Number of protein chains: 2
Amino acid sequence: MLKVNETKTPQTVADHAQIVRPHPHCAHHIKGDDCRVCQVRPLGICAVLEPDEWATIEQISQTVPFAERDTLVSETDDCTHFYSITAGVARLIRHLPDGRRQVMGFALPGDFLGLSLGKAWSFSVEAITPMTTCRFARHAIVQLVDQKPHFLMRMHEMASAELNLAQDHMVLLGRLTAEEKIGTFLLEMRRRWARIDGHTSQNVPLPMGRQDIADYLGLTIETVSRTINQMQRARHLVIVPDGIRLMDAAYFEHLSPSV
Amino acid sequence: MLKVNETKTPQTVADHAQIVRPHPHCAHHIKGDDCRVCQVRPLGICAVLEPDEWATIEQISQTVPFAERDTLVSETDDCTHFYSITAGVARLIRHLPDGRRQVMGFALPGDFLGLSLGKAWSFSVEAITPMTTCRFARHAIVQLVDQKPHFLMRMHEMASAELNLAQDHMVLLGRLTAEEKIGTFLLEMRRRWARIDGHTSQNVPLPMGRQDIADYLGLTIETVSRTINQMQRARHLVIVPDGIRLMDAAYFEHLSPSV
DNA sequence: CGCCATGTTGATTTCTATCAAATTGAGTGG
DNA sequence: CCACTCAATTTGATAGAAATCAACATGGCG
């Protein structure tokens, strides 16, 4: 088992991750307050920082763990803190008054919550797996952004990338069939994991449940389940614990109109 | 080009809706290279500039008009110029290889094309009405952003607002019914026109065609037509030339889950 | 006046949602 | 270790909302 750092990371996180989590990034524990060993630094907001700026960030950050199902932020909350995800997966979600939900996206290691720098959240963030985050007070980041234009530029780049993804997703929601939605989603998850761990594997971890996938793709849980199982019957993929294994890349790339 | 007449106050949306062009901003042509008379300056990217900075902007901008159906930028183009819209309406659109389209949004006066500052466009922009734009070379804006952090901050604010709208739209596309989509769209357009002309009118100009509305809402043209006409039969609205008139605000606000 | 794009309306189909039930499987406690 | 429980998932039957297919109407414009 990985050594847990001295700052009291809950035992449950490590235990759970070792046992049931399929993906290494759900298991790695990183000292969010020691940038030198931060494994997501090259991916995240901090990638733009020079080593001599790490101390600045460390002073304004805290490592904050969350358990599965914890709510990191609620869409009704004021935004007092920002989060950089160092381990685990969360869903970004909007709730309608009548109980309908739309999952805006999934936050993976390296992702930053609060790119808009605004005073209010516009979505809730709920932990899907045990998580570790690097937390920043909003005022500290606002100050940093004022002082370091290249940091603001990095924020803007990441927000722009996010906007681009949102537009991809609008095409998916508005114009793709259920089969195309699922196929595109699986390729998207493979690409995102590959960016994190540097490998392109046929195995695509899916830490989120079927209901989350449905609410992300604008489908029902039954349609998600049926479609994935049809793909398995057609030998395009194999369902494995906590994910799927892509068996027929050509099929998925043909299915995904944007590729 | 029409000369701007400072003494003449623009006609309201309501006035114009009864006649030909539904909105004054579709007809008025503004000297984009004279910031003193720019009618969209308080709305757009330039709102953050001090009067002594107007000269800087004027030096790097050109007024460029477009005719109806012109393509301002193509999704395959490199991004050499940015545009601030001073008059007219455009659609932001993505095309799938098989001809399906998703309209990402409509660009109205005050909107800026190129908020991401990236080197490539991710959508096409097509003029729905005759347009006037203020065009900037990309390198000039990049330089400006480097020199003036408050300009970058303004870009970031506007991009964040855009991201927020994109997320609203994901909820709409993923989880609303056809009736809710149409109702939400009409309220959105009313709100956006109100921001531009300062009036809240029951008349909502719709310079875009039914097909554009359909491709924006993830519906077919037939469903859009049917739904709007059902709303008219139910006396919730009246279809007028180039738009609609909302007759039953309570109905629409009840229909739109986010309000 | 007639043409062509745009919009409307009607009939029918289809995809996905809904409703309902069975199955799996991880966690719990005897 | 195994029965039990509860949530998540899968599967089946049916319904329904919107798409599709097909005319038909409108209206701006040469």
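What you see is a predicted model; the values in this text were computed from it and never measured. Keep in mind that the numbers below use all heavy atoms, side chains included, and drop hydrogens, waters and symmetry copies.
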Determine whether A/T71 and A/V125 make a side-chain contact, defined as any pair of heavy atoms from C-beta on separated by less than 4.5 Å.
no

Close side-chain approach of B/L173 to A/H169, heavy-atom, < 4.5 Å
no

Value in whole Å for how far the P atom of D/dA18 lies from CZ of B/R210:
17 Å

A/D98 has an atom CG; how far is it from atom P of C/dA17, in whole Å?
16 Å

Can you check whether B/N229 has a side-chain N or O nearer than 4.0 Å to OP1 or OP2 of C/dT9?
yes

Within residues 214-228 of chain A, which residues have any heavy atom lying less than 4.0 Å from an atom of DNA chain D?
A/E222, A/S225, A/R226

Minimum side-chain heavy-atom gap A/V40-A/I85 below 4.5 Å
no

Residue-level proximity of residues 171-181 of chain A to DNA chain C when a heavy atom falls under 4.0 Å:
A/T177, A/A178

One should read off an interatomic distance between B/W121 CH2 and B/L72 CG, to the nearest 0.5 angstrom, of 8.5 Å

Show your reasoning for whether side-chain hydrogen bond (donor to acceptor under 3.5 Å, both in side chains) applies to A/Q211 and A/Y216.
CA-CA 8 Å; A/Q211 186 63 60; A/Y216 182 53; over 6 Å; no

Would you compute the distance between atom CZ of A/R175 and atom CZ of B/R101 and round it to the nearest 0.5 angstrom?
8.5 Å

Which value, rounded to the nearest 0.5 Å, describes the distance between A/L219 atom CG and A/R226 atom CZ?
11.5 Å

Regarding A/R100, tell me which of base, sugar-phosphate or nothing describes its non-hydrogen contacts under 4.0 Å with the strands shown.
nothing

A/I244 atom CD1 is separated from D/dT9 atom P, nearest whole Å, by 15 Å

Would a 4.5 Å heavy-atom cut-off, applied to side chains only, mark B/D248 and B/L237 as touching?
no

Between B/I213 (CD1) and D/dA18 (P), how many Å, whole number?
16 Å

Nearest-Å distance, CG (B/D212) to C1' (C/dG7)?
13 Å

How are the rings of B/Y251 and B/H236 set to each other: parallel, tilted or perpendicular (split at 30° and 60°)?
parallel

Could you state the CG-P distance from A/L206 to D/dT10, rounded to the nearest angstrom?
11 Å

Distance in angstrom units between A/Q211 CD and C/dT18 C1', rounded:
13 Å

Can you measure B/E68 atom CD to D/dC29 atom C1' for me and round it to whole angstrom units?
13 Å

